Amino acid sequence: MSLAAVMRAESQFLLPTYDRNPVLFTRGRGVYLYDSKGKRYLDFLSGIGVNALGYGHPAIKKVLSRQSQKLIHVSNLFFHEYQAELAKLLTRMSGLDRAFFCNSGTEAWEGALKLARAYAHAQNHNGHKAKWRMLALDNSFHGRTFGSLATTGQSKYRVPFAPLMPGVSFVTLNDTADLKRQFDGSVCAVCLETVQGEGGIRPVSSEFLQLARELTAKHGALLVIDEIQCGLGRTGRHFAYQHYGIQPDIVTVAKPLAAGLPLGAILTSNKVASCMHPGMHGTTFGGGPLSCSVAVEFLKQAEKRLGHISRMGAYFREQLESLAGRHGGEVRGMGLMLAWALDSPDLAKAVVRTLLKRGILINRTNETALRFLPPYIIEKGHIDLLIRELDRAVGEPGPPLKNSKSGTRRSKA
Ligand SMILES: Cc1ncc(COP(=O)(O)O)c(C=O)c1O
């Protein structure tokens, strides 16, 4: 089918939830994607952080092919070999004790919220109302289901679906005074992304995270950390919170975990896990043998690349800083999770579009931030090419944008 035919069919048969770019991808190899006309695209987005080993990785293909011929699904009523193996790897990497497997980021986050509430109920020995409030962060993003939406601090995602789950208050990112003001004995969990992804690539400050850890530990609440976008090697460590020297009570992961197959996980301590019993939580598809066996291989491959991720991340950041020095804007992020926040949404939109035409995939988040989530196999030459194209795209005046309010595409020099 041609791009035009697919666009026509989608516009007739799909819910209009996506504003897709007009490109029909048909295959991928390494750091490149190819469209239906054979045009090659250098991928600095990795399917929003999912294709972290790029496309067609030989070790992943091997496990996929072997396992797909043996067993794809079995249900959680029975055992298969790979959940425990995967949990063992994830617990070793995270310093936590136990895992639960599900299908997506939002499902992992929902489960984490349920776990926090269940733990609060189990701790409530005095017959009073159990701790129940949750503190989440302004500008955060945790997914599209109701609990995730309720803890997502961006009203554009929440408002159309109100009323949401009650009991959530939002604290300003990195505002320790606000966190102290809003924290009290009714709080069962402080919930945050170590690096806000959809919120524009904004790392939590060390001071704020330490305070969240101290307050929760002191008052019997839980620190619940969303590493769905920033975890599993993306920042050069297994988990981004490991840069801060703290240990959370609950962590969620998903995106790259099964190298493109849907798989999410909740990780937690024995202390928290002790509140769960058979029947309290579950899923039909989550943690099947195909996705879990692929995830075991993904984690082994990603672990080997942590040094490379840190080196490439540092180099990439340096290059972006020099662009920002010339054109303005701010560079944010950690490892290979980076953003260059420009001065205007129109400029950011135009740059994404220009790069797409020139065969480079990035995207824009939080209006002005150019977001970069390249695969972990990216090399300096790829970064250099992107930097040259960004320099050109930001520096050159283009035709006025259709929906441009300001009518300008130049950033402040
Ligand atoms: C930090 C974070 N949490 C949760 C989610 C939701 O994940 P999913 O889209 O797999 O439900 C996302 C997705 O972008 C995310 O970035």
Side-chain angles (χ1 to χ4, degrees), residues 15 17-20 45-52 94 100-116 134 136-154 156-158 161 164-165 168 170 173 189-204 209 223-235 239-241 248 250-267 283 285-287 291 294-295 298 332-339 361-367 369 371-374:
L15 276 189
T17 53
Y18 299 111
D19 184 16
R20 300 192 209 277
L45 192 56
S46 310
I48 323 184
V50 169
N51 301 311
S94 63
F100 173 86
F101 296 108
C102 54
N103 306 283
S104 65
T106 199
E107 199 185 336
W109 191 248
E110 289 288 327
L113 300 179
K114 284 176 71 180
L115 191 52
M134 295 184 177
L137 297 193
D138 270 340
N139 206 39
S140 59
F141 183 84
H142 297 291
R144 310 286 192 149
T145 50
F146 267 102
S148 299
L149 273 183
T151 46
T152 284
Q154 300 188 58
K156 68 178 176 192
Y157 297 116
R158 300 155 49 84
F161 305 102
L164 302 173
M165 177 181 88
V168 182
F170 293 100
L173 173 68
V190 174
C191 308
L192 54 90
E193 294 154 90
T194 319
V195 183
Q196 288 189 338
E198 303 307 303
I201 314 292
R202 297 171 200 274
V204 65
L209 191 54
L223 179 59
V224 185
I225 291 201
D226 182 341
E227 293 243 349
I228 288 162
Q229 194 165 140
C230 63
L232 302 180
R234 173 64 55 196
T235 66
F239 293 88
Y241 65 78
I250 302 177
V251 175
T252 55
V253 290
K255 288 189 182 284
L257 180 56
L261 296 180
L263 183 67
I266 309 166
L267 308 173
T283 160
F285 289 111
S291 55
V294 170
F298 167 75
R332 298 192 290 257
M334 293 162 76
L336 287 176
M337 181 174 187
L338 292 168
L361 301 181
I362 62 169
N363 89 329
R364 180 178 68 122
T365 184
N366 202 238
E367 299 294 324
R371 171 169 56 175
F372 313 103
L373 297 168

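One-based numbering, in listed order, for ligands and for the atoms of each. All values below were derived from every heavy atom in this structure, side-chain atoms included, with hydrogens, water molecules and symmetry-related copies excluded. Remember, it's a predicted structure, so these values are computed and weren't measured experimentally. Starting from 1, each residue takes its place in the sequence as its number.
Take Thr145 and apply the side chain to side chain contact (heavy atoms under 4.5 Å, CB included) test, not counting sequence neighbours, and it matches Thr106, Glu110, Ser148. In terms of the side chain to side chain contact (heavy atoms under 4.5 Å, CB included) criterion, residue partners of Leu149 (sequence neighbours excluded) are, by chain and number, Tyr157, Phe161, Leu164. With sequence neighbours left out, Tyr241 forms a ring-ring contact (aromatic ring centres under 6.0 Å, His included) with Phe239.
Between Arg371 and Glu198 there is a salt bridge, with a side-chain nitrogen of the basic residue lying less than 4.0 Å from a carboxylate oxygen of the acidic one.
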Short N or O contacts of ligand 1 with protein, under 3.5 Å, listed by atom name?
{"residue": "ligand 1", "atom": "3 (N)", "partner": "Phe141", "partner atom": "O", "Å": "3.4"}
{"residue": "ligand 1", "atom": "3 (N)", "partner": "Asp226", "partner atom": "OD1", "Å": "3.4"}
{"residue": "ligand 1", "atom": "3 (N)", "partner": "Asp226", "partner atom": "OD2", "Å": "2.7"}
{"residue": "ligand 1", "atom": "10 (O)", "partner": "Gly105", "partner atom": "N", "Å": "2.8"}
{"residue": "ligand 1", "atom": "11 (O)", "partner": "Thr106", "partner atom": "N", "Å": "2.8"}
{"residue": "ligand 1", "atom": "14 (O)", "partner": "Lys255", "partner atom": "NZ", "Å": "3.1"}
{"residue": "ligand 1", "atom": "16 (O)", "partner": "Gln229", "partner atom": "NE2", "Å": "2.8"}

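Proximity of a side-chain donor or acceptor of Glu193 to a complementary backbone N or O of Ser140 within less than 3.5 Å is not detected.
If you run side-chain contact (heavy atoms from CB on, under 4.5 Å) between Leu173 and each of Asp138, Val204, Asn139, only Val204 comes through.
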